[in-house]
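Worksheet: one structure, shown below.
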Amino acid sequence: MIRQPDPKPDVMARRDSIVAGLRALLPETGLIAEPLRLKPYETDGLSAYRQVPLAVALPETTEQVAAVLRFCHQNGVRVVPRGAGTSLSGGALPMEDAVVVGMMRMNQVLDINYPDRCAVVQAGVTNIGITNAVSADGFFYAPDPSSQLACMIGGNVNMNSGGAHCLKYGVTANNLLGLKIVTIDGEIIDIGGAHLDAAGYDWLGLLTGSEGMLAIVTEITVRILRSPEGARAMLAAFSSNEIAGGAVDAIISSGIIPVALEFMDRPAIHACEAFAHAGYPLDAEAMLIIEVEGSVEEQDRLLAQLSEICQKFDPISLKISQSPEESAAIWKGRKGAFGAVGRISPDYLCMDGTIPTSQLPLVLRRIQEMSDSYGLKVANIFHAGDGNLHPLIMFDANNEASFHAAEDFGADILKLCVEVGGCLTGEHGVGIEKRDLMPVQFHAHELQQQRALKSAFDPDWLLNPSKVFPLLEPEAVELPQAA
Amino acid sequence: MTTEDSIVALVQDAIRTREPLLVQGNGTKAGMLRPVQAARTVSTSGLSGINLYAPKELIISAASGTPLPVIENAMAEAGQHLIAEPPDLSDLLGASGKPQTLGGVTATNLSGPRRVAWGAMRDHVMGIRAVTGRAEVIRSGGRVLKNVTGLDLCKLFTGSHGTLGIITEITLKVLPAPEATGTLILPGLDAVVAVQALSAALGSPFGVSGAAWLPPEAVARVPGLAGINGSATLIRIEEFAPSVVYRIGRLKDQLAASNAITLDTPASLAVWKDIRDARPLAAAPEDAVWRVSTRPSSGPGVLEAVRSAGVAGFLDWGGGLAWLAGPADTATHAAVEAAARAAGGVWMLVRAPDTLRATVRVVPDEAAPLARITRGVKAAMDPAGILNPGRLYAGL
């Protein structure tokens with residue numbers, strides 16, 4: 001069970017006055033404090049953990065965010081920022097004495113500038129909403145997390161979200177130009193802008209992936225890219241994970257960087273095929289989805305080269321999509337993987353470690369051994385080009401022992417990722433889920449250094465204070481004074 | 001310094017004596033930004049060597065003092081390259097002899113023409129080790145391509161100019177080098193029309209990876225452009241050979257560039273290296289040199305605004321990077337500052353005599369609330385204020 005810090009007694013005692021104070025700062029419907037209406041905010045994409053917050057604030061402007069944070073700062077109230085609540089690591093899990101600041105009402109695209117290839121959007125715009133706003137003109141926003149229909153760009157910034165296409169296009173951090181942030185004391189600060197290189201320290205880089213611990217992001221300037229002339233996928237199925245891993249190495253070594261290179265193991269193939277009817281090969285142990293971009297001739301040339309490479313690994317089958325419909329079907333299975341696994345097992349944990357790609361066969365073998373020993377099924381989906389592994393551990397939430405076994409299994413997988421040279425999380429964030437595993441990857445003094453950086457932004461540790469770092473008593477570390 | 005331990009010992013000593021340290025690699029970029037007043041120098045040049053190179057995993061890891069050419073050569077042998085195409089400013093900065101180091105290009109976050117399409121140095125630093133001003137060795141990131149575990153100190157250290165820590169090891173994402181490089185040159189356009197063409201090219205589906213505009217006097221200083229009279233608007237494609245031909249052809253049609261000139265791979269490599277290294281500005285060593293980063297469409301306005309102050313230069317990054325040179329005095333610097341600010345952009349003083357560097361804002365001051373955070377972060381990383389004091393901002 002994951003521990004939360006004790007609620008602050010003085011804050012709980014002043015609940016009514018805090019609610020009244022916040023209500024005065026927000027539009028009429030912008031403050032929620034009724035128990036029944038707080039319920040939807042008690043959890044996020046990591047639904048095993050729940051906690052109803054003290055209140056939910058729904059600001060509509062940056063100035064309202066600033067007023068709310070200034071008030072919380074003055075009153076010592078903890079704040080949990082929230083986008084769409086899709087975090088798989090519990091990044092938006094409330095605390096009993098915390099005010100959730102929900103960004104969903106700040107959902108406007110403020111500016112689109114094609115000559116400068118950037119757009120300014122509010123934090124509550126969905127990831128797909130950015131692409132939808134520019135797609136008629138042939139542009140798109142590149143990072144594409146699986147939750148892109150629902151997740152909000154503000155959450156993407158805070159978790160540095162990735163997606164299936166980041167092998168070519170990078171993750172969120174690589175696709176941002178500027179931020180408007182509000183600090184815990186209510187200061188509004190512009191970071192970066194529409195230009196590529198900012199001056200001074202890389203605040204944009206530090207804030208991206210900071211999991212709501214440093215500031216609240218209200219506006220984002222993103223890079224938008226022109227869509228390629230076309231894209232096409234192929235499927236390659238192999239008789240073992242090792243052989244498929246060898247094919248991945250050979251593809252990267254060939255000088256071709258596909259725009260996506262996805263790996264699914266046998267359980268994942270079966271789950272997705274049953275769901276999407278994409279024509280996945282059910283006799284394969286491992287399957288690659290490989291996508292290339294360019295003109296039709298360029299696609300043909302690259303896919304022919306990729307087929308030739310795959311042929312050297314005795315594929316069970318190779319299938320090159322002949323149409324956009326076939327490509328869409330190939331992707332439908334992969335993109336629907338979570339839903340597909342959900343049909344087999346109502347409850348699953350989606351893990352998110354990264355490993356050096358050369359370690360894939362070893363890691364999959366060890367995961368299978370763990371699966372046998374825990375008695376829990378697992379399906380593996382892997383962004384093979386960049387080493388980001390997503391084991392889906394299936395369990396029964398009605399059985400507490402099953403849930404705890406799943407959590408232990410997941411922790412063992414992440415420890416294995418670190419052991420082979422990888423890391424605890426590639427794109428989902430640490431949140432509450434992996435907080436207590438941080439000492440596996442970092443020394444105590446390294447965590448202390450990161451805590452000191454948080455203190456430079458948030459000396460009283462009011463912003464999302466129970467996430468990312470193992471709890472300390474007392475939580476706040478002393479901010480060193482300038483020499 | 002030849003070991004990380006010896007750097008730790010030196011920093012411990014400096015903390016005890018409160019004596020500032022000048023942090024550098026081979027010192028080729030010592031002429032950038034503000035001069036550092038320090039009792040002692042800590043150089044990473046003795047920390048040299050590639051620790052890990054896994055071409056199939058697109059990862060290279062090396063000690064920070066490793067000469068960049070050593071890394072570039074190793075990668076060339078494996079058919080790969082540094083994505084951000086960091087410039088070699090040795091000629092521009094009058095540093096001769098020793099090559100720049102991996103730590104130097106990382107600490108300064110300097111990126112070349114490819115930055116417009118593929119990101120900066122900071123985008124490809126996957127892991128870092130550094131000795132902080134607390135004399136502690138800390139790590140961030142790792143040796144994998146996707147990692148969001150904890151705060152991203154890789155990006156914080158990159159471009160911190162040795163003021164937050166002494167970087168000892170860097171792990172970079174790398175990519176296959178292109179099979180071929182081609183350049184489409186549109187001659188004779190003025191800056192405004194040129195940037196419109198560059199925007200159209202960068203907004204095309206053809207994967208443009210270089211987009212620059214050189215006025216006639218800059219063209220004259222690039223040997224690979226001999227024979228072009230007037231300005232040159234350059235558009236680069238790096239791809240498989242048939243794709244370079246196809247994409248250059250499509251761009252030529254789309255831009256209706258009937259008088260366009262194309263460069264083959266060797267000619268393209270030579271020209272873009274000169275643009276990368278700001279060779280057109282190396283000619284007058286007495287001039288000050290600035291980099292101004294703005295939204296691309298504001299680039300021509302920056303050039304226009306500084307012209308009356310005797311400042312000239314050229315545009316890279318589709319117009320978003322103005323390389324400028326002009327008289328090394330405070331009035332001229334003020335003109336560059338004003339032009340950058342009016343364009344909503346930022347400046348960096350890249351080259352100037354010490355007296356000028358010590359007295360002007362080499363980068364823009366931050367707004368008060370952000371400056372407070374900067375002081376807090378500096379204090380968190382370097383509580384005694386001993387690492388490259390004053391390099392970026394006076395008094396920090």
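Heavy atoms only: backbone and side chains are in, while hydrogens, waters and symmetry mates are out. All chains are named by letter (A, B, ...) in the order of the sequence lines, taking the proteins before the strands, and each is independently numbered beginning at 1.
With ring centers used as reference points, B/Y393 lies 6.0 Å or more from A/Y201.
Ion pair A/E297/A/R301 not flagged as a salt bridge, since none of the NZ, NE, NH1 or NH2 atoms sits closer than 4.0 Å to an Asp/Glu carboxylate oxygen. Looking at B/R114 and B/E238, a side-chain N of the basic residue comes within less than 4.0 Å of a carboxylate O on the acidic one, giving a salt bridge. Ionic pairing of A/K467 and A/E211 is not present here: no N-O contact between side-chain nitrogen and carboxylate oxygen is shorter than 4.0 angstrom.
Only the side chain of A/N113 comes within less than 4.5 Å of a heavy atom in chain B; its backbone stays farther off. Of the two parts of B/V195, neither the backbone nor the side chain holds a non-hydrogen atom closer than 4.5 Å to a non-hydrogen atom of chain A. For A/F442, the parts sitting under 4.5 Å from any heavy atom of chain B are the backbone and the side chain alike. If you measure heavy-atom distances from B/R115 to chain A, the contacts under 4.5 Å come from both the backbone and the side chain. Using a 4.5 Å cut-off between heavy atoms, A/A198 contacts chain B through its backbone alone, with no side-chain atom that close. With a threshold of 4.5 angstrom between heavy atoms, A/I251 does not approach chain B through any atom at all. Within the 4.5 angstrom heavy-atom criterion, no atom of A/I224 approaches chain B.
Of the listed residues (B/V148, B/T163, B/L145), the one with the most heavy-atom contacts under 4.5 Å to chain A is B/V148. In terms of heavy-atom pairs under 4.5 angstrom with chain A, the leader among B/V137, B/L198, B/D365 is B/V137.
Within the 4.5 Å cutoff, the side chain of B/H81 has no heavy atoms near those of the B/V174 side chain.
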